[in-house]
Amino acid sequence: MSQVKFREVLAKLPAYVAGKGDGHKTVKLSSNELPFLTAPQIIQAGQYALKDANRYPSATGAGLVEKLASRYQLPNNQVVVGSGSIQVLANALTAVAQSGKNVVYGWRSFEAYPILVGITGASSRQIPLTAQGRHDLDAMKAAVDGDTAAVILCSPNNPTGTSLTEKEVRDFLAEIPPSVLVVLDEAYFEFDTLKGHVDGARLLAEFSNLLVLRTFSKAYGLAGLRCGYGLASQEIAEAILKVSTPFALSAVAEACAVAALADEQKMRCQVQEIIQERERVVSRMREAGWNIQDSGGNFIWFPGKVGEKILAAALAQGIQTRGFPEGVRVTIGLRQENDQFLAAISQVEPG
Ligand SMILES: Cc1ncc(COP(=O)(O)O)c(C=O)c1O
């Protein structure tokens, strides 16, 4: 047995529970992925990059950084890329948090947050969501103190699907000390149709402590490639790069992300299809007597005990959903998959 002494924080870290399911054998509505197959031009770009697999990629994903900077009309030094937005978040937290510090975020939210915060040695301040599954911004503000290294906002929030408005986020940022990093995780931004929802990229010029996270894993359908990015002030971007593992983004992931970005029209069409499906499923369920909230993500949320019944009824028909102690989250898939889900839960008493 190994005698290696590991850092004490490791003993306390919760394990990441990935959504279950083999997308080929079962209907996988458990990981908020896009259900569409990868577009031929993205596959081609990846194959082309593979030819040079003997060479290291750019240490910082410079080709993708440049494309993103031009898309957001930002200088290159305000954009950082990583192998998934999770990695950009991990780096950002490493840059600001350590033992003795705390990180404030709403809960329940993305389950990677407690793990990433725990790794830094800082403590998590989890602020319960409101009864409507929204961030309690007043309580989050009140939880910030002299030891707060960062606050994480998630909009739309995984798993509840609620969004923050631009006004809410602007007012919040105005009251947080500028020395505290505020991360706005917008992994599901492209699916958000909720009224007045925030667009973090528009707030960057006003707040130099803001880091906006976006990803190619959701709307662009490239979860398996691992590619995400952050937009922030030059100082935050520089700090993230300092703690980043060099060559974190593979050449294949970078080439595919560049190809995906070059065809935004395709991304928008696919996102639109998911949004329409989301609205169809929500309407069908409301007609059947379910009381479900609007969602800004590519998923819907069933809070409370009824979640267990939904999870079990779906599973009995080979459909994987994602259960939490507070409810169940169901990803919007292809029309046929959503119909299978609706049929599977038709016997469950609406909650
Ligand atoms: C809120 C949120 N942020 C980030 C991620 C992860 O994104 P990535 O695949 O870019 O690491 C997820 C994935 O489920 C998520 O739900």
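Every value quoted in this text rests on a predicted model; they were computed, and no experiment measured them. Atoms within a ligand are numbered from 1 in the order they appear, just like the ligands themselves. Values reported hereafter were calculated over all heavy atoms of this structure, with side chains retained and with hydrogens, waters and symmetry mates removed.
Scanning for side chain to side chain contact (heavy atoms under 4.5 Å, CB included) contacts around P177 gives V144, S179, V180, with sequence neighbours left out. Residues passing the ring pair (Phe, Tyr, Trp, His ring centres under 6.0 Å) test with Y105 are W107, Y113, sequence neighbours excluded.
Transitive grouping of hydrophobic side chains (ILVMFWY, heavy atoms separated by less than 4.5 Å) keeps V117 and V182 in distinct clusters.
Within the 4.5 Å cutoff, the side chain of D136 has no heavy atoms near those of the P128 side chain.
Side-chain contacts under 4.5 Å among hydrophobic residues (ILVMFWY), followed directly or transitively, place F247 together with Y56.
Shown here is L37, whose CG atom has no more than 12 heavy atoms of other residues, nucleotides or ligands within 6.0 Å.
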Report all N/O contacts between ligand 1 and the protein shorter than 3.5 Å as a table of atom names and distances to 0.1 Å; if there are none, say 'none'.
unit_1: ligand 1; atom_1: 3 (N); unit_2: D185; atom_2: OD1; d: 3.2
unit_1: ligand 1; atom_1: 3 (N); unit_2: D185; atom_2: OD2; d: 2.7
unit_1: ligand 1; atom_1: 7 (O); unit_2: S85; atom_2: OG; d: 3.1
unit_1: ligand 1; atom_1: 9 (O); unit_2: S217; atom_2: OG; d: 2.6
unit_1: ligand 1; atom_1: 9 (O); unit_2: R226; atom_2: NH1; d: 2.8
unit_1: ligand 1; atom_1: 9 (O); unit_2: R226; atom_2: NH2; d: 3.3
unit_1: ligand 1; atom_1: 10 (O); unit_2: S85; atom_2: N; d: 2.7
unit_1: ligand 1; atom_1: 10 (O); unit_2: S85; atom_2: OG; d: 2.9
unit_1: ligand 1; atom_1: 10 (O); unit_2: T215; atom_2: OG1; d: 2.5
unit_1: ligand 1; atom_1: 10 (O); unit_2: S217; atom_2: OG; d: 3.3
unit_1: ligand 1; atom_1: 11 (O); unit_2: S85; atom_2: N; d: 3.1
unit_1: ligand 1; atom_1: 11 (O); unit_2: I86; atom_2: N; d: 3.0
unit_1: ligand 1; atom_1: 11 (O); unit_2: R226; atom_2: NH2; d: 2.8
unit_1: ligand 1; atom_1: 14 (O); unit_2: Y188; atom_2: OH; d: 3.3
unit_1: ligand 1; atom_1: 14 (O); unit_2: K218; atom_2: NZ; d: 2.9
unit_1: ligand 1; atom_1: 16 (O); unit_2: N158; atom_2: ND2; d: 2.7
unit_1: ligand 1; atom_1: 16 (O); unit_2: Y188; atom_2: OH; d: 2.6

